[in-house]
S.K.: 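Submitted below is the structure of interest, expressed as structure tokens.
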Amino acid sequence: MPDLINELKWRGLFHQATDENALREHLSQPRRVYAGFDPTADSLTVGNLVPIMLLKHFQQAGHTPVVVMGGGTGLIGDPSGKEAERQLRTPEEIESNIAGQRPIFEGILSFEGENAATIVNNHDWLGKLSYIEALRDIGKHFSVNMMIQKESVKNRLEGREQGISYTEFSYMILQAYDFLRLYEDEQVTVQVGGSDQWGNIVAGNDLIRRTHYVSRVALVGTTKDGDQVEVGEQIVTQQVSFGLTAPLVTKSDGGKFGKTESGAIWLTADRTSPYAFYQFWLNASDDDAHRYMKLFTLLPQDEIASIIEAHTQNPGAREAQRRLAQEITKLVHGEDGLQRAEAATQALFSGDVSSLDEATLNEVFADVASTEHSKNELAGEGVALVDLLPLTSLAKSKREAREFLSNGGVSVNGEKVGLEDRLTATQLLHNSVALLKRGKKTWHVTRWK
RNA sequence: GGGCGGUUGCCGGAGUGGUCAAACGGGGCAGGCUGUAAACCUGCUGGCUUACGCCUUCGGGGGUUCGAAUCCCUCACCGCCCA
């Protein structure tokens, strides 16, 4: 078995671990490892890809991933990394969010074979936990002194801008209990997550240590006569659970990873189309592309090295971005999704949209903003583009439309148009569609009936 | 409850009676260069208008004035200080 920890380090997926050497030893045999996911939305974003990749690498190394959906903890709300108290979500919301996230894991992890992944919901045990029981069995192992030292809690206590409710303050205890339950019931011994989860992970680790494997070892001394006598005792705890975190993913320009002007990049097609997803990675800067290949693809080290080498030789070819986009899109959206994304990219950037057949055209532009119009308007001279543009998503006003047109920033069906141009019936593709583009990348479909 | 200060365009922030659609910066958009990049350069960034120009905006409402983002009254909200 190759050394997983070294692999993770090389990839930039290793931030810190509890007792690294012991963990390395521990992982020489197949183990069960978990990561938790918050059902705050009905999908996950590229930021969540990090813990998923961790699970994926563990699985490839022969370990068994366990995905924990926070059906219970989601009802409470993790204060980590949050400046303000969270809005509580209803059980129904949580339930449907879990349903929305599930397919993401099913697509990326393997659910077959010896070390098939499993998905569990922590509501299964947290929901049954009684308050008295929780306070006696779990709470007793936590010191408030320690809890208020925790980063996420401390900020909220010291800031005074925003307090923290007892509910969120208790969150750590619930996640710690998760680890204990999984440890006892599912033989899970390792928890992984992003670096923001370190506090919660360590809390779980502590809880397991305090409730397990405490043994007494005699300290033996030798008298001057050479006799061995017991001189004292030591309580020895044998740590058998571990935590490992990945660093926060950053962008080389200092911006926030995974966010674009148009919002977050999601992992499901209903929120971010495979095309937009593919484009997100394709537009990575050179440095980022190199790092992302290590972080988010499963390509082996030597292959990544040679891609980086080729890309450095000839950065204009953007080999790294292309492979990056291909690999991740395939991982998240499957072979199908990748093909759709590449077909759309080809059509949209060659500019030659007029040659597309109707089915492909509909496919490619399925996710693009569109408006419907009456074909009557196109009769005779047709409609002036200055008047049409404000009706679409491309221009907010006629004045703006005029500006774009006179700048040469607008094209119809791939042809540049100017201020005086009009749209007539003869220009429609397949007798029903005109594709407008503003700038380099912004498209709008007008459908005429 | 009292005192003081504030609320301006997407954001920050000037502007204290006409010369204000409102400086400057950021962001955004378009064009150029390029690698669907970065950096850089140019233009635009309330609406209508080919244009002259017109209309609507400076927390809400009311007033003073020939004329108000600017003065007065009032309401709302925010900040700081005192109780």
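Each chain gets a letter, A, B and so on, in the order its sequence line appears, and its residues count up from 1.
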S.K.: Which residues pass the side-chain hydrogen bond (donor to acceptor under 3.5 Å, both in side chains) test with A:Gln59, not counting sequence neighbours?
M.R.: none
S.K.: Please measure how far the P atom in B:rA69 lies from the corresponding atom in B:rG17, and state the result in whole Å.
M.R.: 13 Å
S.K.: Once you round it to whole Å, what is the distance between P of B:rG35 and CZ of A:Phe349?
M.R.: 15 Å
S.K.: Can you tell me if A:Arg323 uses its side chain to pair, donor with acceptor, with the backbone of A:Ile304 under 3.5 Å?
M.R.: no
S.K.: Just how far, in rounded Å, is C1' of B:rC29 from CG of A:Leu436?
M.R.: 17 Å
S.K.: Using a heavy-atom cut-off of 4.0 Å across all strands, would you classify A:Asp286 as base, sugar-phosphate, or nothing?
M.R.: base
S.K.: By nearest heavy atom, map A:Ser285 and A:Lys440 onto RNA chain B; which one lands nearer the 5' end?
M.R.: A:Lys440
S.K.: B:rA68 pairs with which nucleotide, Watson-Crick or G-U wobble, both distances below 3.5 Å?
M.R.: none
S.K.: I'd like to know if A:Glu400 and A:Arg438 make a salt bridge, using a cut-off of under 4.0 Å between side-chain N and carboxylate O.
M.R.: no
S.K.: Which residues in residues 316-344 of chain A have a heavy atom closer than 4.0 Å to any atom of RNA chain B?
M.R.: A:Gly316, A:Arg318, A:Gln321
S.K.: When rounded to the nearest Å, what value does the distance between P atoms of B:rU16 and B:rG6 take?
M.R.: 13 Å
S.K.: So, A:Ser393 versus A:His444: side-chain donor-acceptor pair below 3.5 Å or not?
M.R.: yes
S.K.: Strictly by modelled atom types, are A:Gln60 and A:Glu7 linked by a side-chain donor-acceptor pair under 3.5 Å?
M.R.: no
S.K.: For B:rA38, which nucleotide in any strand shown is its Watson-Crick or wobble partner with both distances under 3.5 Å?
M.R.: none
S.K.: Do A:Gln346 and A:Glu342 meet the criterion of a side-chain donor-acceptor pair at a distance under 3.5 Å?
M.R.: no
S.K.: Quiz question: by atom type and distance under 3.5 Å, do the side chains of A:Asp287 and A:Ser285 form a donor-acceptor pair?
M.R.: no
S.K.: Which nucleotide, if any, forms a Watson-Crick or G-U wobble pair with B:rC52, using both distances under 3.5 Å?
M.R.: none
S.K.: May I ask you to say what A:Thr345 touches in the nucleic acid, namely base, sugar-phosphate or nothing, with a heavy-atom cut-off under 4.0 Å?
M.R.: base
S.K.: What's the gap between B:rC33 and B:rG25 when it is taken at their C1' atoms, as a whole Å value?
M.R.: 26 Å
S.K.: Using a 4.0 Å heavy-atom cut-off, write out nucleotides 45-57 of chain B from 5' to 3' as B (base contacted by protein), S (sugar-phosphate only) or - (no contact).
M.R.: S-SSBS-------
S.K.: Could you pull out all residues at least two apart from A:Arg291 that satisfy salt bridge (charged side-chain N to carboxylate O under 4.0 Å, His left out)?
M.R.: A:Asp288
S.K.: Looking only at atom P, what distance separates B:rG61 and B:rU56, rounded to whole Å?
M.R.: 14 Å
S.K.: Can you tell me if A:Gln191 and A:Gln197 form a side-chain donor-acceptor pair at under 3.5 Å?
M.R.: no
S.K.: In whole Å, what separates the C1' atom of B:rG46 from that of B:rC58?
M.R.: 12 Å
S.K.: Run the ring pair (Phe, Tyr, Trp, His ring centres under 6.0 Å) test against A:Phe296 and tell me which residues pass, sequence neighbours left out.
M.R.: A:Phe257, A:Trp281, A:Tyr292
S.K.: Would you say the side-chain atoms of A:Lys449 pair up with the backbone N or O of A:Glu372, donor to acceptor, closer than 3.5 Å?
M.R.: no
S.K.: When you measure from every atom of RNA chain B, which of residues 273-284 of chain A have a heavy atom less than 4.0 Å away?
M.R.: A:Gln279, A:Leu282, A:Asn283
S.K.: In whole angstrom, give me the gap between the C1' atoms of B:rG59 and B:rG79.
M.R.: 15 Å
S.K.: B:rC44 pairs with which nucleotide, Watson-Crick or G-U wobble, both distances below 3.5 Å?
M.R.: B:rG28
S.K.: Just how far, in rounded Å, is C1' of B:rU34 from NZ of A:Lys441?
M.R.: 13 Å
S.K.: Return the nucleotide paired to B:rA23: Watson-Crick means purine N1 to pyrimidine N3 with N6-O4 or O6-N4, wobble means G-U with N1-O2 and O6-N3, both under 3.5 Å.
M.R.: none
S.K.: Nearest 0.5 Å please: distance from the CG atom of A:Leu54 over to the OG1 atom of A:Thr245.
M.R.: 8.5 Å
S.K.: Expressed in whole Å, how much space separates the C1' atoms belonging to B:rA39 and B:rC24?
M.R.: 23 Å
S.K.: Figure out the NZ/P separation between A:Lys437 and B:rC29, and round it to whole Å.
M.R.: 15 Å
S.K.: Quick check: A:Phe111 with A:Phe105 (ring centres under 6.0 Å apart)?
M.R.: no
S.K.: Could you work out the separation of B:rA14 and B:rC41 based on their C1' atoms and round it to a whole Å?
M.R.: 28 Å
S.K.: Write down the partner of B:rA76 under the Watson-Crick or G-U wobble criteria, each distance required to be under 3.5 Å.
M.R.: B:rU7
